Every structure is written in structure tokens, then in C-alpha cells.
> 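So that we are looking at the same thing, I have put the structure below in C-alpha cells.
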Amino acid sequence: MAEQRPPRSPGARDYFDRAATIIPEFTVLNYGFSSEPENTVISSEEPEFYCLRMYEHALGGTALNGCEVLEVSCGRGGGANFVQRTYSPQRLVGVDLSPENIRLARSRAALPGVEFLIGNAERLSFADQSFDTVINIGASHLYDDRTRFFAEARRVLRPGGSFCYTDGCWADDDCTEDLLDAGFELLERTEITANVLRALRRDSARRATLFDGLPDTKLREEYKHWAGVIGYRAFTRFEAGQTRYFSHRLRRPEAESAARR
Ligand SMILES: C[S@@+](CC[C@H](N)C(=O)[O-])C[C@H]1O[C@@H](n2cnc3c(N)ncnc32)[C@H](O)[C@@H]1O
């Protein structure tokens, strides 16, 4: 008999809800991206520079001007706000499982055209073909079934729409077949583990400083492991090649077979 795995979602939701109340300072929660040179429109004064670089990298040349964009697992909304400010979509909806993350996202200055909703990546509450682009950064490893999410991302995209997707994974895990099975056309797949490590090295002090202010020493250590501080678990796994990080640019094909539609 197949072993039943307990669902991850309730644990993920509770973990991010708790982190939102303990360390509300972060507005972006991914590991970051860095390259030499930093080919970017983002100001080097931006405190969350490397995390926003991940969004910039994920989007690549995707044109968003005047488009309807969905960010699945938008976290605390810092990435969505950056995308709205920088690429001027007509509408940007951010969805996240954690009510506390959505509360934080809504508590910040609302940009015109941006809204934040509680929702599950595996059961998106949007009509078929309602967005031009779906963004998903550093979150799918937390889902119970990423193939359900891929099917949902494709369903809500209009034909020809873009799916900009990045995440870390175990070294032997390749999601490409799952993405193709879901009906996407793969435009570009890039391993960016070195870029993530470079960003973590440069951003480590900022992350550690926020955690060092916590009175609970056990929690302080736990968050350093989680957030990829140099020498801690998330960092050492990437460094040792146990985990890797990939970005994918995909498209829902314009013309699809009747079975796919
Ligand atoms: C590492 S954070 C990344 C957030 C954001 N993309 C960023 O870069 O700041 C992962 C996010 O995934 C969300 N998440 C986990 N499982 C989810 C699910 N099943 N549906 C929607 N969001 C989920 C968490 O609540 C968390 O906000």
C-alpha cells in the first residue's frame, strides 16, 4: 500500500504566520540572486536588493506593461510591489497561504492596481485564462503537490501567457518533465545555484542582524538555518551541492490540442 504523506500546507502556513509576527521587517523572503556585474535597474541602496534581483531575474525580458499578472505565494508582498513599480502591469494580484503574510502585505502602502488575497497555489480561485503572466518565486517546494500547482498555473494563464518560475530543490529533483506534462512550452531553464550563493554571501550580515535581535536563542538559530545565513543549513546545502536552484521561463502555447483546452 502506498505510504500516505501528511500534508505540508498547514505546517507551512503556521510557520510563515509565526515568522510574520516575530520578524515582520522583511518584505521579501527569497534567498536572492546576484551576478557579476549586477546588471540591474534596482538601486544598490535598496535594503532588499538581492531578493528583488531574484524577481528581476525571474521575469527576464517578460513584458508586463498593461498586463494582468498573478503572483502565487507572494509572501509579504515586497516582490509584487517591486514588480508593479518597475514593470507597470495593469493589475497585479498576489496570493499567499499565510494570512499573516497577507496582513503584512496589505499593511504597507497600497500601490494602484495591486491587491493581496489569501489562497492556495493548488486550488486557485480564478477563472480559466484570466492572467497574462504567473510569477512564482521560491515557494513550490512547500506545496503538497507541485504538479497540481503547475496545472493551476497553466489553467489561469491565457494562451501565449508567461510562467516565470524559480525554486530550490534537492540535487536529484528535476521538475522539467512535470512542467512539460502540465502543458507548458519551456523557453529557458537556468541553474542559478551559484547566483543564489553569491547573493546569500552578500546579504548574510543583514539577515543575521535581524535574527540576532531575537531574545529566544533557539529561534535565532532556527531562523539562521532557514534564511541561508553563511554557515547555516540552507546555505551549506547549496554550497555542498545537496540542493540546487533553478529558474524557468515557460509559456502556455497559443495553439493547443482539444484535449489540453
Ligand atoms: C519563501 S516564501 C517566498 C515568498 C515570496 N515569493 C518572496 O520571494 O518573498 C514562500 C511562501 O510560500 C507560501 N506558501 C506555502 N505554501 C503555499 C500554498 N500551498 N499556497 C500558496 N502559498 C503558499 C508561504 O506562506 C510563503 O509566503
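Both counts, for ligands and for their atoms, begin at 1 and track the order of listing. Everything numeric in this text was worked out from a predicted model, so none of it was measured. For the numbers below, each heavy atom of this structure counts, side chains included, while hydrogens, waters and symmetry mates do not.
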> Would you please name every residue forming a salt bridge (Lys or Arg N to Asp or Glu O under 4.0 Å) with Asp167, sequence neighbours left out?
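Partners of Asp167 by the salt bridge (Lys or Arg N to Asp or Glu O under 4.0 Å) criterion come out as none, since no residue qualifies.
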
> Can Arg189 be said to sit on top of Phe246's aromatic six-ring, NZ or CZ under 6.0 Å from centre and within 45° of the ring axis?
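Positive - Arg189 is close enough to the ring of Phe246 and near enough to its axis.
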
> Mind jotting down which protein residues get a heavy-atom contact under 4.0 Å with ligand 1? Chain and number order, please.
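Within the 4.0 Å shell of ligand 1, which is judged on heavy atoms, sit Phe16, Val28, Leu29, Asn30, Tyr55, Glu71, Ser73, Cys74, Gly75, Asp96, Leu97, Ser98, Asn101, Gly119, Asn120, Ala121, Ile137, Gly138, Ala139, Leu142, Tyr143.
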
> Please list all pairs meeting side-chain hydrogen bond (donor to acceptor under 3.5 Å, both in side chains) that have one or both residues in residues 226-237, counting only residues at least two apart or in different chains.
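Pairs touching residues 226-237 that pass the test: Glu221-Tyr232.
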
> When the ring planes of Phe163 and Phe150 are compared, do they come out parallel, tilted or perpendicular, using 30° and 60° as the limits?
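Plane angle over 60°, so perpendicular.
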
> Determine the interplanar angle of the Phe238 and Tyr245 rings, folded into 0 to 90°, and report it as parallel if under 30°, tilted if 30 to 60°, perpendicular if over 60°.
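It falls in the tilted class, 30° to 60°.
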
> Which residues satisfy the side-chain contact (heavy atoms from CB on, under 4.5 Å) test with Glu100, sequence neighbours excluded?
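In terms of side-chain contact (heavy atoms from CB on, under 4.5 Å), with neighbours along the sequence ignored, Glu100 is linked to Asp17, Ala20, Thr21, Ser98, Arg103.
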
